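Here is the structure we will look at.
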Amino acid sequence: MCGRFSLRASAGAVQEAFALAEPPPLAPRYNIAPAQPVLTVRQGRMGAREAVLLLWGLVPSSAKHPALGARLINARAETCAVKPSFRAAFRHRRCLVPADGYYEWQRAAAGGGKPLRQPYHLRLTEGGPFGIGALWEHWQDPAGNELETVVLLTTAPNAVSAAIHDWMPLIVLPQHYERWLDPRIGKVEALADIMAPYPAEPMTAVAVGAYVNSARNEGPLCLEPPASPASSAPPRGVPASSPQQARLFDDTET
DNA sequence: CCAGACGTTGTT
DNA sequence: GTCTGG
DNA sequence: CCAGACGTTGTT
DNA sequence: GTCTGG
């Protein structure tokens with residue numbers, strides 16, 4: 001699952017990572033949430049790559065109204081090529097959403113306690129930006145009002161992500177960007193190899209405080225460690241946290 | 001044929 | 001639009 | 001994803 | 001519980 005992410009990288013770093021002609025409009029973000037505009041990299045038939053802001057939460061082109069509460073924020077990579085709401089977008093409107101980390105909430109272990117959820121920030125240990133595989137869609141009502149929206153794809157978790165949740169965002173390898181973005185390619189057979197879990201080795205998961213829970217909160221406080229660390233009772237499969245920072249990586253199960 | 005849904009996660 | 005259910 | 005609201009009439 | 005807002 002991927003319902004919240006960060007993008008702190010500079011416009012220059014994102015321009016270079018995604019081979020953009022222009023530096024994208026970009027301010028550091030620590031808490032990007034559904035229903036907000038997200039930077040999206042896509043490609044036209046003539047091959048020009050562009051970065052635009054689209055609303056996160058796909059409104060299918062068939063929707064009568066851009067149902068604000070029923071937007072689709074994630075779609076499964078394994079099935080999006082055949083689902084009616086995503087099929088056309090998969091064939092013609094694949095895109096990448098730049099991020100440099102995403103948040104996952106780990107459900108508390110079974111027991112009497114409150115159903116508190118512990119958020120983690122998952123990112124490349126090296127720290128750079130990456131591209132989340134996504135689809136965009138165009139919607140227009142009879143009056144001519146237009147809306148462009150985007151949905152993030154999910155896939156099976158790697159070892160780092162599996163300790164926290166059952167899914168992870170589809171992270172596309174840089175060597176696959178060109179093929180993924182090419183609108184002339186639409187057959188799932190020509191794209192299936194791209195839709196695999198990103199390897200666990202380059203990734204790190206860090207427990208963070210509840211500040212990130214509210215989509216109204218923004219800024220570096222989103223990455224502060226939890227006040228009462230998850231180390232008090234690390235759930236199964238999760239190594240105990242260090243006092244300073246709960247670095248999460250199980251080297252034994254990659 | 002027409003009518004109605006079309007998505008995910010999580011929880012029970 | 002396109003697929004599923006009846 | 002999580003947080004927060006969830007209703008009406010009337011008055012300012 | 002369920003829907004909307006961010």
Side-chain angles (χ1 to χ4, degrees), chain A residues 1-7 27 29-39 53-93 97 99 101-123 132-142 146-147 149-157 161-162 164-170 186 188 195 205-219 221-224 226 235:
Chain A
M1 192 65 200
C2 184
R4 217 71 79 77
F5 65 94
S6 62
L7 180 57
R29 289 295 308 276
Y30 289 77
N31 195 9
I32 301 169
Q36 295 178 357
V38 301
L39 191 73
L53 293 171
L54 305 186
L55 270 191
W56 184 6
L58 186 135
V59 176
S61 59
S62 64
K64 301 244 182 345
H65 308 284
L68 293 179
R71 291 204 204 115
L72 307 170
I73 69 168
N74 290 128
R76 296 174 54 148
E78 297 83 354
T79 58
C80 67
V82 296
K83 294 288 184 183
S85 291
F86 303 128
R87 188 176 191 272
F90 177 81
R91 285 177 56 180
H92 307 298
R93 289 179 292 279
V97 171
Y102 61 94
Y103 298 95
E104 299 266 26
W105 280 261
Q106 183 176 54
R107 201 154 280 280
K114 298 173 191 171
L116 289 178
R117 301 192 73 185
Q118 170 62 54
Y120 288 81
H121 187 246
L122 296 94
R123 61 214 190 199
I132 300 175
L135 312 174
W136 65 274
E137 188 54 274
H138 179 263
W139 181 89
Q140 190 170 7
D141 74 6
E146 298 185 50
L147 189 64
T149 56
V150 63
V151 62
L152 304 192
L153 300 184
T154 62
T155 189
S161 225
I164 298 163
H165 216 330
D166 295 337
W167 291 267
M168 68 181 283
L170 171 65
V188 66
M195 295 186 284
V206 175
V208 298
Y211 186 77
V212 74
N213 285 7
S214 173
R216 291 183 148 87
N217 289 336
E218 178 54 59
L221 288 178
C222 292
L223 294 179
E224 285 292 307

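All values reported here derive from a predicted model rather than from experimental measurement. To find a chain, count down the sequence lines: A is the first, B the second, and so on, and within it residues start at 1.
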Looking only at side-chain atoms of [X], point me to the closest of [options].
X	options	answer
A/Ala33	B/dG7, D/dA3, E/dG6	E/dG6
A/Thr79	D/dC2, B/dT8, E/dG6	B/dT8
A/Pro84	E/dG6, B/dT9, B/dC6	B/dC6
A/Pro34	D/dC1, B/dC6, B/dT8	D/dC1

Original post:
Testing A/Tyr102, A/Trp56, A/Tyr30 for ring pair (Phe, Tyr, Trp, His ring centres under 6.0 Å) with A/Phe5, which one passes?
Top reply: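 It is A/Trp56; the other options fail the test.
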Does the [X] side chain pair with the main chain of [Y], one donor and one acceptor, at a distance under 3.5 Å?
X	Y	answer
A/Gln36	A/Ala33	yes
A/Glu104	A/Gln118	no
A/Trp139	A/Ala63	yes
A/Arg71	A/Thr149	no

Once you round it to whole Å, what is the distance between [atom2] of [N] and [atom1] of [X]?
X	N	atom1	atom2	result
A/Lys64	C/dG1	NZ	C1'	11 Å
A/Leu152	B/dG7	CG	P	17 Å
A/Gln106	B/dT9	CD	P	17 Å
A/Asn31	E/dG5	CG	P	19 Å
A/Asn213	E/dG5	CG	P	20 Å
A/Arg87	C/dG1	CZ	P	14 Å
A/Gln118	D/dC2	CD	P	12 Å
A/Arg4	E/dG5	CZ	P	16 Å

Would you indicate, yes or no, if [N] has its OP1 or OP2 atom less than 4.0 angstrom from a side-chain nitrogen or oxygen of [X]?
X	N	result
A/Ser61	B/dC6	no
A/Arg117	D/dC2	yes
A/Trp167	B/dT9	yes

Hey, could you give me the [atom1]/[atom2] distance between [X] and [Y], rounded to the nearest 0.5 Å?
X	Y	atom1	atom2	value
A/Trp105	A/Arg4	CH2	CZ	4.0 Å
A/Leu135	A/Leu152	CG	CG	9.5 Å
A/Leu147	A/Leu58	CG	CG	9.5 Å

Original post:
Counting a pair only when it is Watson-Crick or G-U and both distances are under 3.5 Å, which runs of at least 3 such pairs involve DNA chain B?
Top reply: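 So far as stems of 3 or more pairs are concerned, DNA chain B shows B:1-6 with C:1-6.
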Original post:
What distance, rounded to whole Å, do you find between the two C1' atoms, one in E/dC3 and one in B/dT9?
Top reply: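 Between the two C1' atoms, the distance is 16 Å.
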Original post:
Taking the same atom, P, in D/dT8 and in E/dG5, what whole-Å distance lies between them?
Top reply: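 Per the computed distance, 15 Å lies between those P atoms.
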Could you tell me whether [X] contacts a base, only the sugar-phosphate backbone, or nothing, with contacts defined as non-hydrogen atoms closer than 4.0 Å?
X	result
A/Ser62	base
A/Phe86	sugar-phosphate
A/Arg216	sugar-phosphate

